[in-house]
There are 2 protein chains.
Amino acid sequence: MELNDTDVKTRILLSAKRLFAKQGYEGTSVRQICEEANANIALVSYHFGGKEKVFEAIFEQFYPGSEEAFNQYEDELKNPVEGLTLIVREIVVFTINDKELSDIIQQELTLQSPRMETVQAFLSPVWFKVKELLERGKEEGAFHFDSLTAAFLTVMGVTLSHKRFRSVNVWLEDNDRFIPDSYPDQAARFVLQGLGVKLNS
Amino acid sequence: MELNDTDVKTRILLSAKRLFAKQGYEGTSVRQICEEANANIALVSYHFGGKEKVFEAIFEQFYPGSEEAFNQYEDELKNPVEGLTLIVREIVVFTINDKELSDIIQQELTLQSPRMETVQAFLSPVWFKVKELLERGKEEGAFHFDSLTAAFLTVMGVTLSHKRFRSVNVWLEDNDRFIPDSYPDQAARFVLQGLGVKLNS
DNA sequence: GTCTATAGCAGGATAGAC
DNA sequence: GTCTATCCTGCTATAGAC
């Protein structure tokens with residue numbers, strides 16, 4: 001990964017992703033990124049055009065494209081309960097697969113940064129769909145909540161919460177068997193129950 | 001607030017809290033803090049001993065002391081369902097009352113920063129209690145979940161999620177009446193339902 | 001494409017006058 | 001307690017040699 005087995009551009013991207021996730025954007029210097037990537041400092045400007053552009057390139061490279069995905073699951077997304085289950089699972093799977101990128105997203109969501117625009121552009125399709133499903137699910141009587149905003153917030157909270165794992169194991173001894181494989185389902189179940197859906201499982 | 005109606009130390013603390021919340025710790029400069037606080041740059045070193053110490057001072061000043069609080073609610077905390085309801089409500093109330101401090105906490109939780117130690121020291125009592133309540137609630141048959149870690153994560157997610165409000169109203173038009181007053185109860189209900197508790201409301 | 005060298009600036013901190 | 005002036009370090013970015 002950090003060896004010269006891949007091209008420089010990729011090495012820089014991977015190092016930047018790792019470091020942004022651990023230390024935040026501002027807390028990470030271009031020098032540090034290049035050191036870890038075994039790349040010369042000047043190459044960040046040459047290949048990307050600056051630190052800011054590296055940030056954007058990370059999203060372009062690693063954020064799962066959700067354009068075709070929506071078409072692929074068109075049928076499931078018609079039903080609010082099925083659709084929300086699917087989306088929550090997919091988001092949680094993503095946060096497990098790419099902890100780094102989801103850490104970066106997590107951080108940027110609370111900041112009023114110049115990078116927010118980039119982040120929002122990538123996240124909008126999914127969360128807009130979530131909003132739509134919540135609204136339709138309520139109309140159809142499947143979900144029970146007072147405020148859309150409150151429901152939306154809790155769904156966001158559950159699905160994105162995984163990233164605090166690092167600090168969590170300070171409070172929990174890990175004799176508990178936390179199996180990432182089953183977590184997407186647990187999270188989805190939690191969300192649906194929280195929204196007042198009766199589950200037959 | 002930003003006028004010279006309070007003493008310098010307090011003005012610095014308030015400005016720092018505001019800016020750390022909006023821009024992150026690394027994204028905020030001492031110069032900027034002092035400018036907003038109408039204070040001279042040298043006073044940060046004089047009164048606190050550096051930027052890092054300002055961060056700690058913010059927690060000492062504004063984090064609600066949870067030592068006496070636990071004794072005060074001793075009775076409610078004996079029952080897992082009651083106890084968890086109480087704590088979730090209190091945390092959510094706190095995140096609404098002091099959005100800035102909870103934004104700061106939110107940010108630091110995902111970072112591996114030198115400030116993590118400070119943050120954890122303040123948060124530990126509450127989250128340790130949550131863990132205990134979850135465990136006991138499961139033993140007593142009140143809660144239903146597979147993994148303690150998974151349950152813990154979802155509770156954290158819901159209770160801390162409020163801070164993403166700023167980015168949320170990009171996706172939600174605010175014709176939805178989100179009433180902060182009722183949110184603590186909604187969040188608590190969501191959590192309990194998610195944990196499989198049968199509610200009579 | 002990659003490197004060295006350096007420009008140019010902003011950061012945190014403090015010495016010392018008041 | 002407060003201020004000015006300054007130190008030193010580290011940052012991003014780029015010009016120009018290879």
Worksheet entry | Nearest-neighbour nucleotide for the A/Ser45 side chain, C/dT2, C/dT14, D/dA13 considered | D/dA13
Discussion item. Nearest heavy atom decides the nucleotide; on that basis, is B/Ile41 or B/Val8 closer to the 5' end of DNA chain D?
Written reply: B/Val8
Item to complete: Pick base, sugar-phosphate or nothing for B/Ser29, based on heavy-atom distances below 4.0 Å to the nucleic acid.
Response: sugar-phosphate
Worksheet entry | salt_bridge(B/Lys17, B/Glu100) N-O dist < 4.0 Å | yes
Discussion item. Could you tell me how far apart A/Leu43 (CG) and C/dT4 (C1') are, to the nearest whole angstrom?
Written reply: 12 Å
Worksheet, complete the sentence: B/Lys51 atom NZ is separated from D/dT9 atom P, nearest whole Å, by 19 Å
Worksheet item: Rounding to a whole Å, what distance do you find between B/Arg31:CZ and C/dG12:P?
Response: 7 Å
Worksheet item: Does a donor on one side chain and an acceptor on the other come within less than 3.5 Å for B/Gln23 and A/Ser113?
Response: no
Worksheet item: With sugar-phosphate meaning primed atoms plus P, OP1 and OP2, does B/Val44 contact a base, only sugar-phosphate, or nothing at under 4.0 Å between heavy atoms?
Response: nothing
Worksheet item: Between D/dC18 atom P and A/Tyr46 atom OH, what is the distance in whole Å?
Response: 18 Å
Fill in: Distance-only polar pair, side chains of A/Gln186 and A/Ser182, donor-acceptor under 3.5 Å
yes
Practice prompt. Check the distance between C/dT14's P and B/His47's NE2 and give it to me in whole angstrom.
Written response: 15 Å
Worksheet item: Distance check: side-chain N/O of A/Asn40 vs OP1/OP2 of C/dG1, anything under 4.0 Å?
Response: no
Discussion item. Between P on C/dA13 and CD on B/Glu52, what's the gap in Å once rounded to a whole number?
Written reply: 9 Å
Practice prompt. Answer yes when B/Lys129 and B/Glu132 have at least one side-chain N-carboxylate O distance shorter than 4.0 Å, and no when they do not.
Written response: yes
